[in-house]
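Data block below; observations after.
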There are 2 protein chains.
Amino acid sequence: MLTDIRIKGIFLLGYRFPKTVANKRNKFIKKMVMAMKVTIADVASKAGVSKTTVSRVLNGNFSHTTEATKQRILNAAKELDYSPNALAKSLKSMKTNIIGMVLSNLKNPFWTTVLEGVEDTCRELGYNLMICNSNEDPTVEEQFIKEFQMRQVDGIVLHPTAQNNHIYQKLADSKLPLVFINRRVGDLSALNVVMDNVKGAKTAVDHLLKNGREKVAVVLYDNRFVSPWRERKEGYQKALLANNFMPEDFLVLEVDQQKGNVKKETIQFLKENPEIDAIFSTNNMLTMEVIEAIKEMGLEIPVDIGIVSYDETVWARHLTPPLTTIWQPGYEMGRLAARNLINSIEDPSFQTGQTIILEPQLIVRESCGNIKSKV
Amino acid sequence: MLTDIRIKGIFLLGYRFPKTVANKRNKFIKKMVMAMKVTIADVASKAGVSKTTVSRVLNGNFSHTTEATKQRILNAAKELDYSPNALAKSLKSMKTNIIGMVLSNLKNPFWTTVLEGVEDTCRELGYNLMICNSNEDPTVEEQFIKEFQMRQVDGIVLHPTAQNNHIYQKLADSKLPLVFINRRVGDLSALNVVMDNVKGAKTAVDHLLKNGREKVAVVLYDNRFVSPWRERKEGYQKALLANNFMPEDFLVLEVDQQKGNVKKETIQFLKENPEIDAIFSTNNMLTMEVIEAIKEMGLEIPVDIGIVSYDETVWARHLTPPLTTIWQPGYEMGRLAARNLINSIEDPSFQTGQTIILEPQLIVRESCGNIKSKV
DNA sequence: GTGAAAGCGCTAACAA
DNA sequence: TTGTTAGCGCTTTCAC
């Protein structure tokens with residue numbers, strides 16, 4: 001009794017026992033907690049039936065059970081506040097109903113939208129979501145994939161760094177349902193849900209050209225490993241070529257986003273190429289810097305320089321002038337990825353290896369029109 | 001052989017078997033997959049030792065093991081590409097190393113920052129993160145909490161809807177480590193990591209007042225269940241009272257964000273109170289609408305109306321004029337929540353029931369200065 | 001230094 | 001209609 005109180009007192013004060021004593025205490029506490037956990041056996045004995053029957057009833061297999069026993073069991077479960085242990089269930093059934101998702105960048109609001117799509121779909125379909133953030137680091141990505149495998153997730157949604165082909169291959173071979181999003185990883189028996197980046201880029205540049213721009217530059221971020229990078233560049237080039245420009249006319253600025261001097265680089269670039277009258281910016285984070293650069297040079301949008309930016313954002317329409325953007329169906333991408341993944345989890349004969357391509361859309365605002373009439 | 005090829009052919013074509021046949025196939029596939037899974041027993045037999053020894057070695061208990069056997073085991077594990085089953089491990093040890101997090105709003109970039117803090121910390125400390133989104137729905141919140149309990153997560157980070165006090169109480173009583181973030185839920189033996197919203201609001205309004213504003217209004221979002229709502233309102237009132245204003249001078253607009261006509265309501269409000277020369281906006285989403293409203297009325301920021309907004313965002317400095325904001329340490333909040341939660345998981349005597357309060361900061365830009373000189 | 005055996009909480013084939 | 005029993009893959013006493 002005394003000990004009890006003393007322990008409790010110390011406990012309340014948050015006192016830390018010396019290691020060994022603390023360990024003993026912890027073990028003791030653990031044991032107590034475990035003893036308090038109510039299992040299916042407790043429900044069974046309380047209801048006076050076997051564990052099997054309880055399991056059956058609780059899983060909705062009433063078909064061969066008396067209404068009376070069913071009620072007894074349900075009551076017992078409620079009274080004991082029984083909550084089944086998903087771990088044990090999963091260990092037995094080899095099904096966790098968990099989906100693992102590897103993101104590479106939490107900062108960009110685009111990914112929040114995607115995440116929302118995945119999360120919503122998981123919930124609707126009875127899955128839980130485990131997420132982690134590779135931060136574009138292939139080593140971290142690899143570690144997380146292993147982690148997911150150990151945890152026996154039912155499937156993985158992966159925004160690949162695209163620098164771990166060996167791992168992706170192994171993963172696909174392991175038959176663990178897998179879907180790549182946003183970035184293409186070809187030739188694997190895995191689902192792909194991606195955007196049509198060539199089209200998006202082409203649309204953007206076409207729009208600039210149609211508005212009378214004659215020297216359209218592209219500002220590219222710095223990840224040439226990934227398909228959207230290649231495709232947006234390609235789209236830019238295609239648009240120019242289709243409008244009778246030559247490869248010599250390509251005006252490409254590749255910036256290192258990590259370094260944080262995008263603005264400086266842009267100013268430099270614009271000074272070296274004063275003929276530029278339009279910029280296609282390939283992502284929303286870049287765009288902010290580009291706009292700053294333009295303003296800092298005393299140029300005006302859209303009069304001096306028109307701009308179209310990839311990625312619609314909440315703030316695009318509130319900028320001055322309101323920004324013309326390429327919107328991508330991020331939420332849809334998330335939903336489709338999750339839904340298809342779950343399909344292939346629940347039906348192993350579900351068609352795998354297919355690629356779903358989503359269409360971006362041009363949202364016209366005021367950052368391209370009203371070009372300064374040339375002399 | 002023939003069957004094999006046929007099945008394979010159909011499989012590749014994504015043909016769906018009739019239900020019963022499909023079930024048989026799936027069961028077959030499942031069995032094959034399970035047979036292929038390499039367990040600790042496989043490693044043991046390959047290395048010619050018992051499971052016990054393998055377990056010991058793989059968990060770093062070399063102390064009583066020959067270097068030779070250790071190597072044999074390590075090699076066997078590598079050759080078989082053995083990956084331990086975390087489910088079984090957890091079932092036995094009653095420890096999942098999973099933290100569950102309930103968010104209420106994925107759309108607001110503030111939460112992405114918090115999530116990042118939590119995620120980073122979990123990774124560093126060897127935990128995985130399971131997230132879900134209550135969308136401010138208490139029923140969903142309740143369901144997710146139950147889900148987490150069934151999954152035996154080691155702890156929960158909760159952004160409470162604040163409408164489930166009964167559940168919170170039960171959760172706290174269950175001794176499952178728990179931390180509330182951002183919104184206070186008092187009197188429970190759970191950690192709280194929150195912001196000083198009174199101070200943030202007071203700072204914002206003080207700033208407006210110091211810049212010569214005389215009629216400062218507040219635009220409040222519509223969730224009066226939650227502590228930040230009360231505290232921001234309180235901060236606004238305190239600031240006015242401390243500057244010799246009377247309660248009659250309070251100018252409060254409460255808007256229903258869901259309905260989506262914040263802009264309209266704001267315009268209405270401004271028309272009814274034309275003397276207003278400053279607005280304190282209580283969250284970043286609201287602010288956009290308020291700014292639109294002001295612009296639409298032909299008023300100019302900051303000349304006619306000054307504005308300070310809660311929540312710093314990437315776009316605040318790019319607006320015209322650049323927005324003065326209250327920055328909140330969201331990333332820090334995430335980190336602290338996770339770190340303290342994990343502390344209390346790993347040391348049950350860790351002080352519980354404490355509240356950590358983080359300080360917001362005023363970021364001064366140009367949306368308050370240059371007031372129109374009054375006649 | 002190593003292994004046999006029990007058991008974490010649950011499900012499901014097979015009996016009764 | 002219900003119960004017995006044998007595991008799922010792992011850790012951990014307790015022997016040897």
Side-chain angles (χ1 to χ4, degrees), chain A residues 23 27 30-73 76-77 80 82-97 149-152 154, chain B residues 23-24 26-27 30-31 33-73 76-77 80 82-97 149-152:
Chain A
N23 278 347
K27 263 190 194 161
K30 201 169 174 181
K31 236 176 218 167
M32 293 309 300
V33 170
M34 278 180 57
M36 291 178 55
K37 282 241 160 92
V38 15
T39 75
I40 199 169
D42 298 322
V43 180
S45 78
K46 173 143 196 163
V49 293
S50 76
K51 294 191 291 172
T52 313
T53 311
V54 176
S55 172
R56 271 199 284 256
V57 169
L58 262 28
N59 288 305
N61 280 336
F62 309 135
S63 42
H64 298 295
T65 313
T66 317
E67 181 64 24
T69 45
K70 177 184 150 187
Q71 283 308 331
R72 273 218 314 289
I73 291 169
L80 293 173
Y82 170 68
S83 152
N85 184 327
L87 249 32
K89 205 169 189 161
S90 294
L91 179 58
K92 181 76 192 161
S93 64
M94 295 303 287
K95 178 97 170 39
T96 52
N97 273 46
Q149 286 181 301
M150 296 199 323
R151 292 203 181 280
Q152 317 295 121
D154 290 340
Chain B
N23 277 348
K24 263 193 193 155
N26 291 356
K27 263 190 192 161
K30 200 170 175 181
K31 235 177 217 169
V33 169
M34 279 180 58
M36 290 179 57
K37 282 239 161 93
V38 13
T39 76
I40 199 169
D42 299 321
V43 180
S45 77
K46 174 143 195 162
V49 294
S50 76
K51 293 192 292 173
T52 315
T53 311
V54 175
S55 172
R56 271 200 284 257
V57 168
L58 260 30
N59 288 306
N61 281 337
F62 310 134
S63 43
H64 297 295
T65 312
T66 317
E67 179 65 23
T69 45
K70 178 182 150 189
Q71 283 308 332
R72 270 216 318 287
I73 290 168
L80 293 173
Y82 170 69
S83 152
N85 183 327
L87 249 34
K89 205 170 188 162
S90 295
L91 178 58
K92 184 78 194 160
S93 64
M94 296 303 286
K95 178 102 174 29
T96 52
N97 274 48
Q149 286 181 301
M150 296 198 322
R151 293 202 180 281
Q152 318 294 121

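Order of the sequence lines fixes the chain letters, A, B, ..., with proteins taken first and strands second; residue numbering starts at 1 for each chain. If you're wondering where the values come from, they're calculated on a predicted model, not measured in any experiment.
Of the N and O atoms on the side chains of B:Ser50 and B:Thr53, at least one donor lies less than 3.5 Å from an acceptor on the other residue.
In this structure, A:Leu91 places its CG atom 12 Å from P of C:dC10, rounding to the nearest Å. If you take NZ of A:Lys37 and P of C:dC8, they are 13 Å apart, rounded to a whole angstrom. Rounded to an integer number of Å, the gap from CZ of B:Arg151 to P of C:dC10 is 14 Å. C:dG1 atom P lies 17 Å from atom CD of B:Gln71, rounded to whole Å. Counting to the nearest Å, the C1' atom of D:dT2 and the CD1 atom of A:Ile40 are 14 Å from each other. Counting to the nearest Å, the C1' atom of D:dT11 and the CG atom of A:Leu87 are 14 Å from each other. Here the C1' atom of nucleotide C:dC8 and the NZ atom of A:Lys89 are 17 Å apart, to the nearest Å. Whole-Å rounding puts the B:Gln149 CD to C:dG9 C1' distance at 17 Å.
Close to D:dT11, at under 4.0 Å from its OP1 or OP2, lies a side-chain N or O of B:Asn59. Listed pair A:Ser50 / D:dG3 meets the phosphate criterion, a side-chain N or O lying under 4.0 Å from OP1 or OP2. Checking the phosphate oxygens (OP1, OP2) of D:dT1, no side-chain nitrogen or oxygen of A:Thr69 falls inside 4.0 Å. B:Ser55 has no side-chain polar atom (N or O) that falls below the 4.0 Å cut-off from OP1 or OP2 of D:dC10. Not one side-chain nitrogen or oxygen of B:Thr39 sits closer than 4.0 Å to the OP1 or OP2 atom of D:dC8. For B:Lys51 and D:dC10, the shortest distance from a side-chain N or O to OP1 or OP2 is not below 4.0 Å.
Distance from the side chain of A:Asn85 is smallest to C:dG9 among C:dG7, C:dT2, C:dG9. In the set D:dC10, D:dG9, D:dG3, D:dC10 carries the atom at the smallest distance from any side-chain atom of B:Tyr82. Checking D:dT1, D:dG3, D:dG9 against the side-chain heavy atoms of A:Thr66 singles out D:dT1 as nearest.
With sequence neighbours excluded, no residue satisfies salt bridge (charged side-chain N to carboxylate O under 4.0 Å, His left out) with A:Lys89.
Residue order along DNA chain C, read from the 5' end via each residue's closest nucleotide, puts B:Gly48 first among B:Gly48 and B:Ala88.
Of the possible polar contacts, one joining the A:Thr39 side chain to the A:Ala41 backbone as a donor-acceptor pair under 3.5 Å is found. With A:Asn85 contributing its side chain and A:Leu87 its backbone, the two residues share a donor-acceptor pair below 3.5 Å.
For C:dG1, the base has no donor-acceptor partner in the side chain of B:Arg56 [N/O atoms by modelled type, under 3.5 angstrom]. Counting atom types as modelled, A:Thr52 pairs no side-chain N or O with a base atom of C:dT11 as donor and acceptor under 3.5 Å.
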*Kindly determine whether A:Asp42 and A:Tyr82 satisfy side chain to side chain contact (heavy atoms under 4.5 Å, CB included), including the steps that lead there.*
CA-CA 9 Å; A:Asp42 298 322; A:Tyr82 170 68; over 6 Å; no
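If you check every strand for non-hydrogen atoms under 4.0 Å, B:Phe62 touches nothing.
No side-chain heavy atom of B:Val54 sits less than 4.5 Å from a side-chain heavy atom of B:Lys51.
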